[in-house]
Structures are given as C-alpha cells and as structure tokens.
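Numbering of ligands and ligand atoms starts at 1, following listing order.
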Amino acid sequence: MDFRLTEEQEMVRQTAREFAEKELAPGVEERDEKEIYPGKYIKKLGELGFCGMVISEKYGGSGFDTVSYVVALEEIARIDPSTEIVISVHNSLVSYPLEKFGNDYIHSEFLSKLASGEWIGAFALTEPESGSDAGAMKTRAIKDGDHWILNGSKNFITTGGNCDAYLLFAVTDPSAGSRGTSAFLITRDTPGVIRGKHEKKMGIRATDTVSLALEDARVPDANLVGKHGDGFKVALTALDSGRLGVAAQGLGIAQACLEQSIKYSKERKQFGRTISSFQAIRFKIADMAIRISAARWLLRHAAWKKDQGDQYTKEAAMAKLYCSEAATYCALEAIQIHGGYGYCKDYPVERYFRDAKITEIYEGTNEIQRIVIGRALLD
Ligand SMILES: Cc1cc2nc3c(=O)[nH]c(=O)nc-3n(C[C@H](O)[C@H](O)[C@H](O)COP(=O)(O)OP(=O)(O)OC[C@H]3O[C@@H](n4cnc5c(N)ncnc54)[C@H](O)[C@@H]3O)c2cc1C
C-alpha cells in the first residue's frame with residue numbers, strides 16, 4: 001500500500017496551495033468581515049482548471065481524479081473556507097451530476113461553460129419546510145407541452161445570488177413517492193426565478209446564501225436532468241460527492257487551526273517560558289494532530305473508493321462526519337490555546353471557528369450522516 005500522492009496529485013496540491021496563499025490569503029479577513037463574494041478568485045480558479053476538476057476533458061474539464069480533487073479543496077479551505085465551498089458545490093453538486101445524468105443538449109449547452117468557470121452553478125434542494133426530510137419537498141413542476149411550469153420556494157442556496165444556473169429539484173408526480181421528484185437545470189435569467197434575501201451568517205460569510213421563489217417559471221423539457229422521476233437519484237449521487245467537498249473543507253479548517261496553534265504556542269510566553277513547553281498545551285496539539293490525520297485518511301480513502309468506481313456512500317458520510325467534527329474540535333482548541341486573543345479577531349482562529357460549525361450542518365447534518373452510516377451497516 002502506497003500512501004504517497006502521485007506526481008500529478010502532488011502537482012495539483014501545490015498549485016492549489018500556492019493559489020490559496022498568494023491570491024486568497026491577502027483579502028480573506030476583509031471578505032469575511034464585509035461579506036464579499038469571492039467572484040474574481042472563482043474566475044481565476046476556473047482559469048487554473050479548478051472549476052471542472054472532476055469533469056471529463058471531452059467537456060472541457062480537467063479530468064482530475066477524486067483524490068486530487070479533495071487534496072486541492074483541503075488546500076483552498078486551509079486558507080479560505082468560503083471560496084472552497086463555492087468551488088465544491090459547483091463541482092460536486094452541479095457539474096458532476098450534470099455529466100453523469102445530463103442529456104446531450106445539457107452536455108453541449110451548459111457543461112463546458114461550467115467546467116471552464118465561465119458559468120458557476122448552485123444546487124437547490126432545501127425548502128423552508130424540507131431540510132433533512134427532502135421527501136417533504138413542496139416545489140411542484142407541471143408539464144405544459146414541451147415545457148415544465150415550476151412553482152415553490154427554495155432556501156439556503158449557496159452562490160444562489162451570483163450563480164448562472166441552478167440544479168433544482170421539484171415534485172413532478174406527487175402520487176409516486178420518492179420516484180415522483182425530478183431534477184432540472186435552470187438558468188438564472190429564467191423568468192419567474194426570483195432571488196430572495198441574502199442570509200446573514202455566523203461563518204462562511206463570503207459565500208452568498210439566498211432563498212429562491214419560483215413563480216410560474218417555464219423550463220424546457222430538454223433541461224430535465226436524468227429521467228422524469230430520477231430527482232432523488234440525482235440528488236443523492238450529487239450529495240455523496242458533495243460530502244467529500246464538505247469533508248475537505250472541515251479538514252482544511254482543522255489543519256489551519258493546528259498550524260496557527262503551533263505557531264502561537266511557540267511565540268507566546270507565560271511564567272517565563274513559551275506556552276508550547278506546557279504539557280497541557282502539548283496534549284491539545286497532539287490530540288488535534290491525531291484527529292486531523294485520521295480525518296485525512298478517511299477522506300482520501302473515500303475519494304479513492306469513488307475513483308475505483310466502488311459504492312462510497314458510507315465512506316463519504318464517515319469522512320464528512322469525522323472531518324467536520326475534527327474542524328470544530330480543532331477550532332475550539334485553537335481558540336483555547338490562543339487564550340483571550342483567540343476570542344478576538346486579532347487571530348484567524350476566531351474566523352475558523354465560525355466557519356467550522358457549518359460543516360456539521362450542511363449537505364446532511366451529522367445526525368443524518370449517522371443515519372446513513374447505520375443504514376449501510378445494518379439494513
Ligand atoms: C450556510 C448554508 C448553506 C447551505 N447551502 C445549501 C445549498 O447550497 N443547497 C441546498 O439545497 N441546501 C443548502 N443548505 C441547507 C442545508 O443543507 C440544511 O440546512 C440542512 O440539510 C439541515 O436542514 P434544516 O436546516 O432544515 O434542519 P432540520 O432538518 O430541520 O434539522 C434540525 C435538527 O434536527 C435534526 N434532525 C432532523 N431529522 C432528524 C432525524 N431523522 N434523526 C435525527 N435528527 C434529525 C437535524 O440533524 C438538526 O439537528 C445550506 C444551509 C446553510 C446554513
């Protein structure tokens with residue numbers, strides 16, 4: 001068994017690290033403070049091939065393997081978790097299912113624009129009364145000739161105000177249960193797609209999270225992603241891949257917290273010596289490093305399983321759950337190691353703590369991940 005990254009994986013990692021440190025780091029605090037969407041950096045990431053990381057070269061993607069993908073996302077999240085989740089949603093939750101389930105029209109008309117970063121995608125599943133329970137979805141699509149008419153509302157849509165297209169889910173046959181939901185590719189200029197308020201959030205404040213209203217939005221039949229009734233299949237396929245992206249976000253945050261803690265503990269002196277010499281601080285740093293290492297290997301293993309073409313739902317859920325809990329654990333410990341300064345904005349650990357929490361909530365809360373893992377083991 002060889003745990004090293006291949007030459008290509010290492011090259012992708014280094015490119016992501018250099019970009020994150022040179023381009024993303026300088027303005028990251030300001031974007032957080034002022035809630036500035038990182039649009040210009042997303043464009044640059046597109047030029048580096050990071051908007052089509054998991055898309056085949058024939059559609060203009062980079063065709064990276066999933067291990068390269070999660071390694072790159074970890075590097076971006078280590079500096080800027082907001083930018084990371086925009087890229088993760090775009091790749092995992094939108095472009096990837098479009099390649100897998102989309103028809104020729106969707107492939108030729110939309111996928112290459114998304115893969116190059118010319119267009120950015122958003123994923124619209126959640127509704128005001130349907131979060132963990134996606135089956136309670138109320139947004140309705142009714143067939144009208146060669147179009148569908150959509151009515152309903154969606155909540156908490158990442159990049160929802162700045163994106164060019166939505167992968168959106170609606171009930172097409174209320175009598176068919178889980179086979180009665182379908183997926184649609186909807187462009188931002190579709191009449192009747194109305195963007196709502198921008199959410200004021202605790203963390204990942206540079207992302208733009210909005211609600212959507214659909215009022216008689218007319219969508220061509222050709223924009224149906226997969227077959228009629230395939231909605232949940234498309235959503236669950238997207239979410240397996242998306243959970244790897246959220247796991248990478250948590251891992252990057254945890255890694256950053258460890259690095260910040262090591263640096264600070266070697267500088268800060270109390271009782272005439274650096275706090276890094278105290279066993280209490282050393283144990284915290286050791287416990288952070290153990291969790292990070294375990295998280296990283298869970299994630300790379302899940303990514304590797306996807307690359308083998310194996311079923312990886314359980315592994316993706318485990319990675320998402322463990323990496324996100326490692327993120328909040330490490331962020332809390334990092335604040336403790338920084339003492340009072342960690343509680344203030346003087347050091348980035350305060351921001352990492354706010355950014356960490358969402359990784360336990362979105363793309364399936366950690367309670368839902370435990371249900372997914374339990375189901376895989378027991379049913
Ligand atoms: C910043 C942000 C960005 C987001 N981005 C997107 C996006 O781009 N696209 C999108 O579609 N959605 C997005 N979401 C929505 C997100 O995925 C949901 O918030 C999440 O799935 C939880 O749904 P909910 O908020 O309705 O909570 P609920 O489902 O109401 O859950 C509330 C609590 O009950 C628990 N719970 C629920 N059911 C069970 C159960 N069966 N067993 C045990 N516990 C349970 C949950 O774990 C949670 O602790 C985003 C949310 C946020 C905050």
Side-chain angles (χ1 to χ4, degrees), residues 32 35 37 42 77 81-97 120-139 152-171 181 183-186 188 193 195-214 225 231-232 234-243 245-247 249-250 253 316-317 320-321 324-325 327-328 351 354-375 379:
D32 169 69
E35 301 183 306
Y37 173 72
I42 302 294
S82 286
T83 296
E84 191 270 1
I85 200 65
V86 175
I87 292 290
S88 171
V89 166
H90 170 83
N91 275 279
S92 277
L93 293 186
V94 183
S95 306
Y96 170 65
I120 294 299
F123 178 84
L125 178 67
T126 304
E127 299 185 357
E129 289 170 54
S130 157
S132 303
D133 181 10
M137 184 186 302
K138 289 206 172 79
T139 296
S153 52
K154 296 286 171 184
N155 245 14
F156 293 137
I157 308 308
T158 301
T159 326
N162 280 278
C163 71
D164 302 280
Y166 303 90
L167 178 58
L168 187 140
F169 299 84
V171 177
T181 300
F184 297 88
L185 195 270
I186 301 184
R188 68 169 285 135
V193 176
R195 282 167 285 281
K197 75 177 168 75
H198 167 90
E199 301 291 348
K200 305 285 276 180
K201 305 188 296 291
M202 171 204 278
I204 56 161
R205 285 165 50 83
T207 64
D208 128 58
T209 313
V210 301
S211 56
L212 286 181
L214 297 145
V225 180
F232 277 133
V234 175
L236 294 177
T237 302
L239 285 168
D240 279 346
S241 167
R243 284 166 188 166
V246 176
Q249 186 185 30
I253 292 170
K320 190 272 189 190
L321 186 145
S324 61
E325 290 185 354
T328 46
R351 173 174 56 85
R354 289 186 286 101
D355 286 351
K357 184 59 196 169
I358 190 62
T359 64
E360 294 185 348
I361 296 171
Y362 54 21
E363 301 197 25
T365 63
N366 282 4
E367 290 76 15
I368 297 300
Q369 304 309 320
R370 286 186 164 87
I371 291 173
V372 170
I373 296 162
R375 192 184 293 142
D379 293 344

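Close contacts of ligand 1 with T365, meaning ligand atoms under 4.0 Å from a residue heavy atom, involve 22 (C), 46 (C), 47 (O). Distances below 4.0 Å separate heavy atoms of E363 from the following atoms of ligand 1: 17 (O). The contact set between ligand 1 and I361, taken as ligand atoms under 4.0 Å from a residue heavy atom, comprises 20 (C). Against a heavy-atom cut-off of under 4.0 Å, K201 is close to the following atoms of ligand 1: 1 (C).
Looking only at heavy atoms of the protein, atom 4 (C) of ligand 1 is closest to F156 O, 3.2 Å. In terms of protein heavy atoms, atom 12 (N) of ligand 1 is closest to T126 OG1, 2.7 Å. Counting protein heavy atoms only, atom 37 (C) of ligand 1 is closest to S132 OG, 3.5 Å. Distance from atom 39 (C) of ligand 1 to its nearest protein heavy atom, with residue and atom name: I368 CD1, 4.0 Å. With hydrogens left out, the protein atom closest to atom 43 (C) of ligand 1 is E367 CB, 4.0 Å, a heavy atom. Protein heavy atom nearest atom 24 (P) of ligand 1, with residue, atom name and distance: G131 CA, 3.9 Å.
In terms of the ring pair (Phe, Tyr, Trp, His ring centres under 6.0 Å) criterion, Y96 has no residue partners (sequence neighbours excluded).
Put simply, atom 10 (C) of ligand 1 has protein non-hydrogen atoms near it, under 4.0 Å away. There is a protein heavy atom less than 4.0 angstrom from atom 51 (C) of ligand 1. Checking atom 34 (O) of ligand 1 against the protein gives no heavy-atom contact under 4.0 Å. Within a 4.0 Å radius of atom 30 (O) of ligand 1, the protein contributes no heavy atom.
Put simply, CG on N162 and CZ on R195 are 9.0 Å apart, with the number rounded to the nearest 0.5 Å.
Residue L125 has at least one N or O atom closer than 3.5 Å to an N or O atom of ligand 1.
A salt bridge does not link E127 to K138: none of the charged nitrogens lies less than 4.0 Å from a carboxylate oxygen.
The shortest side-chain heavy-atom distance between V89 and T207 does not fall under the 4.5 Å cut-off.
Among T158, D133, I371, the residue whose heavy atom lies nearest to atom 42 (N) of ligand 1 is I371.
Aromatic ring centroids of Y166 and F184 lie 6.0 Å or more apart.
For the ligand labelled ligand 1, residue I358 lies inside the 4.0 Å heavy-atom shell.
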